[in-house]
Amino acid sequence: MTDVVTGRTTRWETRRGTGSGAEQQVPIYVAIGASLAAVYGSSERRAGQPSGMALAIFDEAFSKMDGKNQRQMMSFYKNLGLQIVIAAPFEKRVAVLEHMDTIVEVDRLAERSRATVVHLKERVRRELAAMDPDRMSDADLAPRIAAE
């Protein structure tokens, strides 16, 4: 890895385990995404050409990342042309909703399970992105903070 500011180069092995959970997970998720895009050829897709599924499936996706890092990873995967399927608990879902097209919520009721399918439209995704505090300016955040 190379620090773009100082030019200092270090090996990932020497840095592994020294950062936060997100700092440890992000390089792995980037490598996985780049590898899948290379295998599928999804990053080389051209408009009008047929494309495959380019599926990436994650269980407990981005478990140690904060919302901002989760959104950045989802955006990165979308830019690579990958279709993402994630299994995540309800509380982690909020951070990535703006990148989702379909949510399948599975609930266990005693010995049975129930699945509910929700399709998110583009307007909902845009409104979720607009409400994201990470994307708001200080001027937009000030009245919200004052109200609390």
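Smallest separation of non-hydrogen atoms from L36 and A56: CD1-CB, 3.5 Å. A87 approaches D59 most closely through the heavy-atom pair CB-OD1, 3.5 Å. Residue A54 comes nearest to G81 through the heavy atom pair CB-O, 3.5 Å, listed as atom of the first residue, atom of the second, then distance. Minimum heavy-atom separation, T2 to G7: CG2-O, 3.8 Å.
Close placement of the F58 and Y29 rings is indicated, their centers lying within 6.0 Å of each other.
Atom CG of residue L55 and atom CD of residue Q83 lie 6.5 Å apart, to the nearest 0.5 angstrom. Interatomic distance, T116 OG1 to D107 CG, rounded to the nearest 0.5 Å: 6.0 Å. From K68, atom NZ reaches atom CE of M65 across 14.0 Å, with rounding to the nearest 0.5 Å.
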side-chain contact (heavy atoms from CB on, under 4.5 Å) between L80 and Y40, intermediate numbers included: CA-CA 10 Å; L80 289 176; Y40 290 132; over 6 Å; no

side-chain contact (heavy atoms from CB on, under 4.5 Å) evaluation trace for V30 with M73: CA-CA 8 Å; V30 168; M73 289 309 307; 4.0 Å; yes

Derivation and outcome, side-chain contact (heavy atoms from CB on, under 4.5 Å), residues N79 and S75: CA-CA 6 Å; N79 289 338; S75 181; 3.9 Å; yes

Steps toward side-chain contact (heavy atoms from CB on, under 4.5 Å) verdict (L97, I103): CA-CA 9 Å; L97 277 176; I103 298 169; 3.2 Å; yes

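Under the 4.5 Å side-chain contact rule for hydrophobic residues, V85 and V117 do not share a cluster. No continuous path of hydrophobic side-chain contacts links F76 to V4 [ILVMFWY only; heavy atoms under 4.5 Å]. Under the 4.5 Å side-chain heavy-atom criterion for ILVMFWY residues, a single connected hydrophobic cluster contains both V118 and I86.
In summary, of the residues considered (E98, M100, H99), a side-chain contact (heavy atoms from CB on, under 4.5 Å) with L120 occurs for M100 alone.
In this structure a side-chain-to-backbone donor-acceptor pair under 3.5 Å is present from Q25 to K64.
Ion pair K121/D101 not flagged as a salt bridge, since none of the NZ, NE, NH1 or NH2 atoms sits closer than 4.0 Å to an Asp/Glu carboxylate oxygen.
Within 6.0 Å of the NZ atom in K78, the count of heavy atoms belonging to other residues, nucleotides or ligands exceeds 12.
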